[in-house]
Amino acid sequence: MLRLGVNIDHVATVRNARGGAYPDPVRAAKLAQEAGADGITAHLREDRRHIMDADIDGLMEELTIPLNFEMAATDEMQAIALRHKPHAVCIVPEKREEKTTEGGLEVAREENRLAHFIAPLRDAGCRVSIFIAADRPQIEAAHRIGAQVIELHTGAYCDFHAEGRFDERDEELKRLAEMAKFAHSLGLEVHAGHGLTYETVQPIAALPEVIELNIGHFLMGESLFVGMEDAIKEMRRLMDEARAT
C-alpha cells in the first residue's frame, strides 16, 4: 500500500507567528495519526522557524506511528537525531533565507562528507533518506553513500502545474517516473514529496516504485476549511484511487 506521511511543520508556523503554545503541532500529529496517516514528518531547522526541540520531544513520546525527522547535515542535527533515534531521518538542504526547501540535496559533490555523516545514524537504527531531485547522478551518489531511501523532490512538477506550464510539467513527471524506476533498480526505497495537492498527487501516486508520499503545507491549509480528518482522508482516497488504476 502507498503510505502517507503528514508533515506538521506549518502548525508550528502558525503557533510561532504569535508565540505561546497554540496550535500545538504534537496535537496535530496525533489527529493526523487518528485520521489514518502512516507516519509524521517534522523538520527541525537550524533557525527553529517552526518545529522546536520540545516538539520533537513530544512527538517521540506521543506517537505510535513512525516519525520522519527532516534535518540538515549538521553536527547539531546529527546529535539530536542520535539522542532521539527516530524511525527515519531525511537529510535535506537548508538555507536560512529560503521560504521552504527549494530543491534536492547536492550529494554527488559531497559524497565523502555525507557518507561519514549518515553512518552513525544508520548504526543507531535510523532509516536514512536523502531528499534529492530526479537526477541520475544524485541517485547514484545517494546509493553509494549508503542511504536506504531517496525522496524525490516534486516541487518543480507542482510549480509547473500551478503556473499552467503543462508541457514542462509533463516532462518533469516523465523524469520523476524514470528516476523512480532507476532508484528502485538500485535497491533504494523510493518516496516523493513537496508541494503536492489534490490536483497534483495522483500522477505521482500512480508511480509503482513510489511507496510513500510526504505531504504537509497543503494538508495543513486544507484542514483550516474542512478539518484535518477530512483533509487527510480525501488525500488518502485520491492516492489509493491512483494506485488502484
Side-chain angles (χ1 to χ4, degrees), residues 1-18 20-45 49-52 55 58-59 62-63 65-70 90 92 98-102 131 151-166 169 172-173 176 191-207 210-245:
M1 186 181 73
L2 180 62
R3 301 194 299 262
L4 172 61
V6 174
N7 185 313
I8 45 84
D9 289 353
H10 296 296
V11 175
T13 301
V14 175
R15 175 196 61 193
N16 296 353
R18 186 166 181 173
Y22 303 102
D24 178 12
V26 177
R27 182 183 179 192
K30 291 171 69 177
L31 287 171
Q33 177 178 278
E34 292 168 7
D38 298 295
I40 297 297
T41 293
H43 183 179
L44 184 66
R45 284 180 171 265
R49 70 176 64 170
H50 37 61
I51 294 295
M52 309 291 276
D55 299 325
L59 291 166
E62 297 287 341
L63 291 177
I65 57 176
L67 174 65
N68 177 34
F69 180 49
E70 285 191 350
C90 184
V92 302
E98 67 186 1
K99 290 183 178 180
T100 184
T101 307
E102 294 174 347
F131 189 65
E151 181 168 341
L152 294 173
H153 185 282
T154 54
Y157 157 76
C158 293
D159 289 345
F160 288 143
H161 178 85
E163 295 162 9
R165 298 159 63 183
F166 299 129
R169 175 202 64 188
E172 183 64 16
L173 178 61
L176 287 162
H191 301 178
H194 198 82
L196 294 169
T197 69
Y198 292 156
E199 288 187 356
T200 56
V201 71
Q202 289 199 308
I204 303 298
L207 301 178
V210 174
I211 67 168
E212 181 173 304
L213 300 181
N214 285 297
I215 305 174
H217 186 268
F218 175 79
L219 284 175
M220 296 306 103
E222 192 67 11
S223 297
L224 294 173
F225 302 104
V226 302
M228 189 171 293
E229 182 177 4
D230 285 348
I232 290 173
K233 285 186 174 179
E234 175 62 9
M235 186 63 77
R236 168 76 74 187
R237 183 190 70 78
L238 291 167
M239 289 167 54
D240 291 346
E241 181 181 85
R243 182 54 61 95
T245 57

Val6 vs Ile215 side-chain heavy atoms within contact, under 4.5 Å: no
From CG (Leu63) to CG (Leu59), nearest 0.5 Å: 5.0 Å
Arg236 side chain near Asp38 side chain, heavy-atom distance below 4.5 Å: yes
Heavy-atom side-chain contact between Val226 and Lys233 under 4.5 Å: no
Distance in Å, Glu163 CD paired with Cys158 SG, rounded so as to fall on 0.5 Å steps: 11.0 Å
For Leu173 against Pro203, the heavy-atom pair lying closest together: CD2-CB, 3.7 Å
Side chains of Leu196 and Tyr157 in contact at under 4.5 Å (non-hydrogen atoms): yes
Test item: side-chain donor near acceptor, Glu212 and Asn214, under 3.5 Å: yes
Spacing of Asp55 atom CG and Glu62 atom CD [to the nearest 0.5 Å]: 12.0 Å
N/O donor-acceptor pair under 3.5 Å between Tyr198 side chain and Leu238 backbone: no
Contact check, side chains of Ile211 and Arg3, non-hydrogen atoms, under 4.5 Å: yes
Spacing of Tyr22 atom OH and Arg15 atom CZ [to the nearest 0.5 Å]: 11.5 Å
Value rounded to 0.5 Å, distance of CD in Gln33 from CD1 in Ile232: 10.5 Å
Sub-4.5 Å side-chain heavy-atom contact between Met235 and Val201: yes
Derivation of the side chain to side chain contact (heavy atoms under 4.5 Å, CB included) call for Arg169 and Asp159: CA-CA 8 Å; Arg169 175 202 64 188; Asp159 289 345; over 6 Å; no
Contact check, side chains of Lys30 and Ile40, non-hydrogen atoms, under 4.5 Å: no
Side-chain heavy-atom pair Thr41, Ile8 within 4.5 angstrom cut-off: no
Geometric class of the His194/His153 ring pair [parallel <30°, tilted 30-60°, perpendicular >60°]: parallel
Taking every non-hydrogen atom, the tightest pair across Gln202 and Ala242: O-CB, 3.4 Å
Criterion side chain to side chain contact (heavy atoms under 4.5 Å, CB included) on Glu229 and Leu31, from CA distance to verdict: CA-CA 7 Å; Glu229 182 177 4; Leu31 287 171; over 6 Å; no
Shortest non-hydrogen contact between Pro25 and Ile51, atoms and distance: CB-CD1, 4.3 Å
Minimal non-hydrogen separation, His50 against His10, with atom names: CD2-CE1, 4.3 Å
Partners meeting salt bridge (charged side-chain N to carboxylate O under 4.0 Å, His left out) with Asp9 (sequence neighbours left out): none
Minimum heavy-atom distance between Ser223 and Met228, given as atom pair plus value: OG-CA, 3.3 Å
Residues Arg45, His43; criterion side chain to side chain contact (heavy atoms under 4.5 Å, CB included); working and verdict: CA-CA 6 Å; Arg45 284 180 171 265; His43 183 179; 3.5 Å; yes
Residue pair Glu234, Arg237: steps toward the salt bridge (Lys or Arg N to Asp or Glu O under 4.0 Å) verdict: CA-CA 5 Å; Glu234 175 62 9; Arg237 183 190 70 78; 2.8 Å; yes
Separation between CD1 of Ile65 and CG of Asn68, rounded to the nearest 0.5 Å: 11.0 Å
Glu151 versus Cys90, closest heavy-atom pair with distance: OE1-SG, 3.9 Å
Donor-acceptor contact below 3.5 Å, side chain Asn16 vs main chain Thr13: no
